[in-house]
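Structure first, then comments.
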2 protein chains.
Amino acid sequence: MSKSRNLGEFEILVLAALVRLGDDAYGVTIRQEIENRAERSVTVGALYTTLARLEDKKFVASRMGEATPERGGRAKRYFEMTDEGRAHFERSISSLGAMLKGLRPWPKTLRISH
Amino acid sequence: MSKSRNLGEFEILVLAALVRLGDDAYGVTIRQEIENRAERSVTVGALYTTLARLEDKKFVASRMGEATPERGGRAKRYFEMTDEGRAHFERSISSLGAMLKGLRPWPKTLRISH
DNA sequence: GTATTAATTCTATATTGTAGAATAAATAGC
DNA sequence: GCTATTTATTCTACAATATAGAATTAATAC
């Protein structure tokens, strides 16, 4: 059994994207969400590798989407955070928040529903 | 020359500690700052290794402290962030901030002087 | 069935994270 | 000047995360 460690920086971004996307979180949308919002490039390999690792750790769960997209292409694999994943996620952002609180480019909180 | 990448999670915590500590940032205080504020354990090895890497990348600079402590013990090595380090740091926390903005355990901004 | 489209999986390597023992360097007392 | 004590850094090794992009899979449309 692998020891419980802290989440990596990219793992945090991915989990945050999951929360933001809710139902519609799969590879392509997750990637877009991070690229657009974080203004940071994300290669497909990096993303799927990270999602796979998070799933190994049971921090996310996935299910295959309906095999009936309207127009060609492979089925989507949807991801969502598990309760365990959420616990780690909150611990990580709590630590970051505590350290970064008050430093300049730090944004205001505004609370979303997810 | 090594390619410019994103900062890791622990690197971010360390850099944040440097900013917070200002003048008084050396191994022991940095470690305390992270343990106390982030509520996360930090081994000495992890910290110094990370500081050494940040210095290799020119994201921090260090200088040896006065060789005259009042009461025994080796000289301190003080650390501060470089301009280049700051640029990376701000980019990283900007990305994190953008992704995490609005999610629940996210703190308010309050601005400190450093 | 062949082309096209959409998406995931695979494989390999670099970098970051983590731990703790070992070492170093200063002071104090004798 | 030795020896003990204190404070702090350095060393070494290994594990996990980050990153890239080519390859592959699976569905639809002609």
Side-chain angles (χ1 to χ4, degrees), chain A residues 1-15 24-32 34-35 38 40-57 59-60 62-79 88 92 95-96, chain B residues 1-15 24-32 34-35 38 40-57 59-60 62-79 85 88-89 92 95-96:
Chain A
M1 173 167 173
S2 66
K3 201 189 160 221
S4 171
R5 292 172 81 158
N6 296 296
L7 293 170
E9 186 257 3
F10 187 54
E11 290 182 317
I12 292 171
L13 296 183
V14 169
L15 291 175
D24 194 39
Y26 71 101
V28 172
T29 54
I30 295 168
R31 184 169 176 229
Q32 283 173 349
I34 300 175
E35 292 211 316
R40 171 201 205 281
S41 66
V42 175
T43 60
V44 285
L47 176 59
Y48 285 103
T49 303
T50 295
L51 285 167
R53 259 188 289 108
L54 288 170
E55 190 159 28
D56 285 346
K57 293 190 288 188
F59 291 179
V60 307
S62 72
R63 65 181 198 288
M64 294 311 287
E66 314 304 308
T68 328
E70 292 184 335
R71 196 175 165 210
R74 191 170 175 171
K76 300 163 181 167
R77 178 185 292 278
Y78 290 100
F79 291 88
H88 284 265
S92 285
S95 287
L96 281 166
Chain B
M1 173 171 176
S2 66
K3 200 186 161 224
S4 170
R5 293 173 80 158
N6 296 295
L7 294 169
E9 185 257 1
F10 187 54
E11 289 181 320
I12 292 171
L13 296 183
V14 169
L15 291 175
D24 194 40
Y26 72 101
V28 172
T29 54
I30 296 168
R31 183 168 178 230
Q32 283 172 348
I34 300 176
E35 293 211 316
R40 171 199 204 282
S41 67
V42 175
T43 61
V44 283
L47 176 58
Y48 285 102
T49 302
T50 294
L51 285 167
R53 287 178 188 150
L54 288 170
E55 190 159 28
D56 285 345
K57 293 190 287 190
F59 291 180
V60 307
S62 72
R63 65 181 198 288
M64 293 311 288
E66 316 305 307
T68 328
E70 291 184 338
R71 194 175 167 212
R74 192 170 176 172
K76 301 163 182 169
R77 177 184 291 279
Y78 290 100
F79 291 88
H88 284 266
F89 179 61
S92 286
S95 287
L96 281 166

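So that the names make sense, note that chain A is the first sequence line, chain B the second, and so on, each numbered from 1. No experiment lies behind these values; they were computed from the predicted model shown.
- For the atom pair B:R31 CZ and B:L47 CG, the distance stands at 8.0 Å (nearest 0.5 Å).
- Between A:L51 atom CG and C:dC10 atom P the separation is 14 Å, expressed in whole Å.
- Using a cutoff of 4.0 Å between basic side-chain nitrogens and carboxylate oxygens, A:E11 and A:R5 are not scored as salt-bridged.
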Short N/O separations, protein against nucleotides 3-5 of chain C, under 3.5 angstrom:
residue : atom : partner : partner atom : Å
C:dT5   : O2   : A:G73   : N            : 3.2

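- Taking only side-chain nitrogens and oxygens, B:R5 never comes nearer than 4.0 Å to OP1 or OP2 of D:dT17.
- Two residues are said to be in side-chain contact when any heavy atoms from C-beta on lie closer than 4.5 Å; B:I12 and B:L96 meet this criterion.
- Take A:S62 and apply the side-chain contact (heavy atoms from CB on, under 4.5 Å) test, not counting sequence neighbours, and it matches A:E55, A:R77, A:F79.
- In this structure, A:E55 places its CD atom 16 Å from C1' of C:dC10, rounding to the nearest Å.
- Residues in residues 40-49 of chain B take part in these salt bridge (charged side-chain N to carboxylate O under 4.0 Å, His left out) pairs, two or more places apart or across chains: B:E9-B:R40.
- Closest approach of A:D24 to A:T29, counting heavy atoms only: O-OG1, 2.7 Å.
- Ranking D:dT17, C:dT18, C:dA7 by closeness to the B:F10 side chain, first place goes to C:dT18.
- Across residues 25-32 of chain B, B:Y26, B:G27, B:V28 each have a non-hydrogen atom less than 4.0 Å from an atom of DNA chain D (numbered order).
- Contact annotation: A:N6 side-chain N/O to C:dT18 OP1/OP2 distance is under 4.0 Å.
- Rounded to an integer number of Å, the gap from CD1 of A:I12 to P of D:dA18 is 8 Å.
- Spacing between atom CG of A:L47 and atom P of D:dG21 amounts to 15 Å, rounded to whole angstrom units.
- The listed nucleotides are D:dG21, C:dG17, C:dA21; the one nearest the side chain of A:V44 is D:dG21.
- When heavy atoms are screened at a 4.0 angstrom cut-off, B:G45 is found touching base atoms of the nucleic acid.
- Comparing B:A46 and A:T43, the nucleotide of DNA chain D nearest to each residue sits closer to the 5' end for B:A46.
- Protein atom CG of A:D56 is 15 Å distant from nucleotide atom C1' of D:dA15, rounded to whole Å.
- Of all nucleotides listed (C:dT9, C:dT16, D:dT17), C:dT16 comes nearest to the side chain of B:E11.
- A:T49 meets the side-chain contact (heavy atoms from CB on, under 4.5 Å) test with A:R53; sequence neighbours excluded.
- Here the straight-line distance linking atom CG of A:L7 with atom CZ of A:F10 works out to 13.0 Å at 0.5 Å rounding.
- Look at A:R53 and you won't find any side-chain N or O under 4.0 angstrom from OP1 or OP2 of C:dT9.
- Look at CD1 on B:I34: it is 13 Å from P on C:dA19, rounded to the nearest Å.
- Proximity of B:L51 to B:I30: side-chain heavy atoms (C-beta onward) are separated by under 4.5 Å at one or more points.
- In this structure, CG of A:L54 is placed 8 Å from P of D:dT17, rounded to the nearest angstrom.
- As rounded to whole Å, 11 Å separates atom P of C:dT18 from atom CG of A:L7.
- A sub-4.0 Å separation between OP1 or OP2 of C:dA25 and a side-chain N or O of B:K76 is absent.
- Every residue two or more places apart in sequence or in another chain that forms a ring-ring contact (aromatic ring centres under 6.0 Å, His included) with B:Y26 is listed here: B:Y78.
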